[in-house]
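Counting starts at 1 for both ligands and their atoms, following the listed order. Remember, it's a predicted structure, so these values are computed and weren't measured experimentally.
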Amino acid sequence: MMKKSWWKEGVIYQIYPRSFKDTNGDGIGDLPGIIEKMDYLAELGITILWLSPVYASPNADNGYDISDYYQIHPDFGTMADFERLLAAAHKRGIRLVMDLVVNHTSDEHPWFAAARKSKDNPYRDYYIWRSGKHGAPPNNWPSFFGGDAWTRDPVTGEYYLHLFTPKQPDLNWENPRVRQEVYRLMRFWLDKGVDGFRMDVIPLISKRTDFEDTQLADFRDIIEKVYANGPRVHEFLQEMHREVMAHYDMTTIAEGVGIPPEQALDYVGAARQEIDMLFHFGHMFIDHGPAGRMDPRPWDKSTLFNIFLTWDRAVGASGWTCLYLGNHDFPRQVSRFGNDGPYREAAAKCLATLLMTLRGTPSVYQGDEIGMPNTPFSHVEEYRDIELLNFYREAQAAGKDLKAFLEAAQTQARDHARTPFLWEDAPQGGFTAGTPWIKVHPDYPRINAASQMSDPGSIWHFYRRVIQLRRQTPALIYGALVPLWVSEEGGYVYERHLEDEKFRIYLNMGDNPWKAAGAELPPHNACVLTNGGDPASLIMQPWEARVYTLK
Ligand code: TEU
Ligand code: CA
């Protein structure tokens with residue numbers, strides 16, 4: 001029997017603090033704004049709050065470039081605000097998971113400021129330095145965000161490694177002092193009562209220290225085979241577990257970029273004593289062509305379900321995954337995986353049903369519970385994300401068709417997930433009384449939390465119901481996943497079994513009516529959840545979702 005845990009039975013809600021709620025009119029979301037909305041979160045029924053980084057940062061990558069792990073960024077408030085937020089969450093039975101970004105720091109972190117001073121500085125080997133080759137970088141590794149993964153530092157003439165931007169130098173995990181620094185900062189937050197960490201790009205911390213050129217062309221292969229799953233990654237994670245995790249009632253969630261299914265249990269197998277669960281990336285590059293995010297490709301819906309099934313089998317009874325379709329790094333899920341036109345409401349509810357009825361801890365990204373779609377950006381000046389802006393500059397320099405680039409950005413950019421939460425039909429969607437740091441979705445009169453909370457048929461109320469169903473149903477948490485039917489037009493039929501409890505889920509993940517197949521339709525009065533269809537009819541409407549209990 002699978003081991004039970006609070007982090008398996010919970011439902012995660014991810015907040016991108018910069019865009020959640022502004023209370024001081026500077027156009028930037030802040031911690032008091034999250035405190036103000038804690039009852040909203042409790043009413044939705046979520047039990048674990050994942051906070052994207054709130055530490056001191058020059059915001060080159062909106063906080064994923066940390067310059068002081070022990071300080072709250074003044075944009076977000078003070079340490080006292082943080083402690084009030086933590087208490088407000090705990091008072092409502094909500095646990096708080098912080099974002100741990102320790103593959104790299106900001107180049108404005110004092111460690112790096114010292115390291116770059118001289119080759120014999122005591123902090124030099126906190127980072128990864130190599131001399132170039134005849135004035136060129138040490139190898140041909142590309143950055144996630146365009147350009148080389150190396151930058152030459154003029155003071156000593158050596159290059160330093162940064163898998164992301166030059167303002168995010170990679171930490172040298174080979175150095176035991178670096179590892180001890182990480183364990184110390186983890187304990188600092190855990191001793192405050194934090195309940196765990198989402199571990200940013202943790203599969204990348206062990207580098208292939210021969211730093212050979214890569215012959216691989218597809219960036220996804222480079223991530224998996226060159227950057228992730230390095231020779232000492234498990235040694236480091238097991239040491240971290242011995243030094244930190246083993247001493248706290250906490251959870252750890254790996255951002256599992258680059259981990260292939262066959263290596264899942266190396267990270268999250270219960271006996272491994274490494275990490276509890278992982279966000280896998282099987283589906284997150286599903287529409288990326290060989291040139292990556294800005295080279296979108298069509299994909300079919302049976303592939304999407306089969307990826308979830310592959311990962312369910314990969315972690316088996318011993319491991320665990322987090323189920324998600326969106327976060328701050330990808331376009332809005334209802335636009336990317338659903339329908340943000342005539343079927344937006346049904347699609348948002350259908351995707352919620354998928355997430356809440358598979359095996360793994362579901363993660364709701366802020367705004368998905370009200371079906372926020374991608375934001376219509378009309379020109380490049382409206383974008384804020386360093387990744388998009390770098391790719392735009394690269395396209396410009398390469399003389400590429402910028403109109404086509406911006407068309408792709410309209411469906412692919414990370415900025416879509418970063419526009420402010422829409423609270424009410426009021427200026428700036430009620431997010432701020434000031435000028436927002438990024439464009440507010442113009443549809444806020446129609447799409448906002450306040451109007452949905454007063455409409456029992458809304459997406460918000462559906463999320464509340466399906467979260468409640470999930471949390472009170474052991475079979476939907478721990479039950480085995482049994483696929484019955486998967487079709488490329490998006491007909492999914494599957495069951496969840498736990499002892500004598502059985503549920504059968506039918507989803508029509510498409511824009512056309514679909515004749516339910518795969519299994520005899522249960523009696524209509526066995527339907528415990530539907531997003532508006534007729535549970536007695538074999539014909540499922542576009543984006544219709546149904547959950548039946550089987551006696
Ligand atoms: O994301 C790294 C990552 O997994 C990549 O998928 C990244 O999201 C990129 O957009 C892919 O095109 C983590 C954080 O979630 C992201 O916000 C940071 O920018 C990045 O690491 C660096 O810390
Ligand atoms: Ca603010």
Geometric N/O contact E255 with ligand 1, under 3.5 angstrom: yes
Atoms of ligand 1, numbered as shown, that sit under 4.0 Å from any heavy atom of [X]:
{"X": "V257", "value": "4 (O)"}
{"X": "R418", "value": "17 (O)"}
{"X": "V201", "value": "2 (C), 13 (C), 21 (O)"}
{"X": "F281", "value": "4 (O), 6 (O)"}
{"X": "H328", "value": "14 (C), 15 (O), 16 (C), 17 (O)"}
{"X": "E387", "value": "9 (C), 10 (O), 11 (C), 12 (O)"}
{"X": "F145", "value": "19 (O)"}
{"X": "D61", "value": "18 (C), 19 (O), 20 (C), 22 (C), 23 (O)"}

Distance-only donor-acceptor hits, side chain of residues 253-266, under 3.5 Å, sequence neighbours excluded:
residue: E255; atom: OE1; partner: R198; partner atom: NH2; Å: 3.4
residue: E255; atom: OE1; partner: V201; partner atom: N; Å: 2.8
residue: E255; atom: OE2; partner: R198; partner atom: NH2; Å: 3.1

Quick one: does NZ or CZ of [X] land under 6.0 Å from the six-membered ring centre of [Y], within 45 degrees of the ring axis?
{"X": "K37", "Y": "W423", "answer": "yes"}
{"X": "R293", "Y": "F330", "answer": "yes"}
{"X": "R177", "Y": "Y123", "answer": "yes"}

Test side-chain contact (heavy atoms from CB on, under 4.5 Å) applied to K403 - qualifying residues, sequence neighbours left out: D401, E407
side-chain contact (heavy atoms from CB on, under 4.5 Å) involving P231 - partner list, sequence neighbours excluded: S206, R208
Modelled atom types, side-chain donor and acceptor of Y16 and N327, under 3.5 Å: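 Absent: no donor and acceptor within the cut-off.
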Shortest non-hydrogen separation from L402 to Y392 and the atoms involved: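 In this case the closest contact between L402 and Y392 is CD1-OH, 3.5 Å.
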Atoms named by residue and atom, protein N, O or S, within reach of the Ca ion (ligand 2) (under 3.0 Å):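 The answer, once waters are left aside, is D22 OD1, N24 OD1, D26 OD1, I28 O, D30 OD2.
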Heavy-atom proximity to atom 5 (C) of ligand 1, best of F144, F391, Y16, Y64: F144
Identity of the nearest option to atom 10 (O) of ligand 1, non-hydrogen atoms only, from M294, M284, R293, R198: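 Considering heavy atoms of M294, M284, R293, R198, the nearest to atom 10 (O) of ligand 1 sits in R293.
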Can [X] and [Y] be counted as an ion pair, charged N to O under 4.0 angstrom?
{"X": "D415", "Y": "R384", "answer": "no"}
{"X": "R332", "Y": "D368", "answer": "yes"}
{"X": "E158", "Y": "R130", "answer": "no"}

Side chain to side chain donor-acceptor pair (under 3.5 Å) between N139 and W150, intermediate numbers included: CA-CA 8 Å; N139 65 25; W150 299 91; 2.6 Å; yes
Partner of R179 by side chain to side chain contact (heavy atoms under 4.5 Å, CB included), out of R184, E239, E243: E239
Closest protein heavy atom to [atom], given as residue, atom name and distance to 0.1 Å:
{"atom": "atom 7 (C) of ligand 1", "value": "R414 NH1, 4.0 Å"}
{"atom": "atom 15 (O) of ligand 1", "value": "D329 OD2, 2.4 Å"}
{"atom": "atom 13 (C) of ligand 1", "value": "D200 OD1, 2.9 Å"}

Heavy atom of H104, distance to ligand 1 below 4.0 Å: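 Right, H104 reaches ligand 1.
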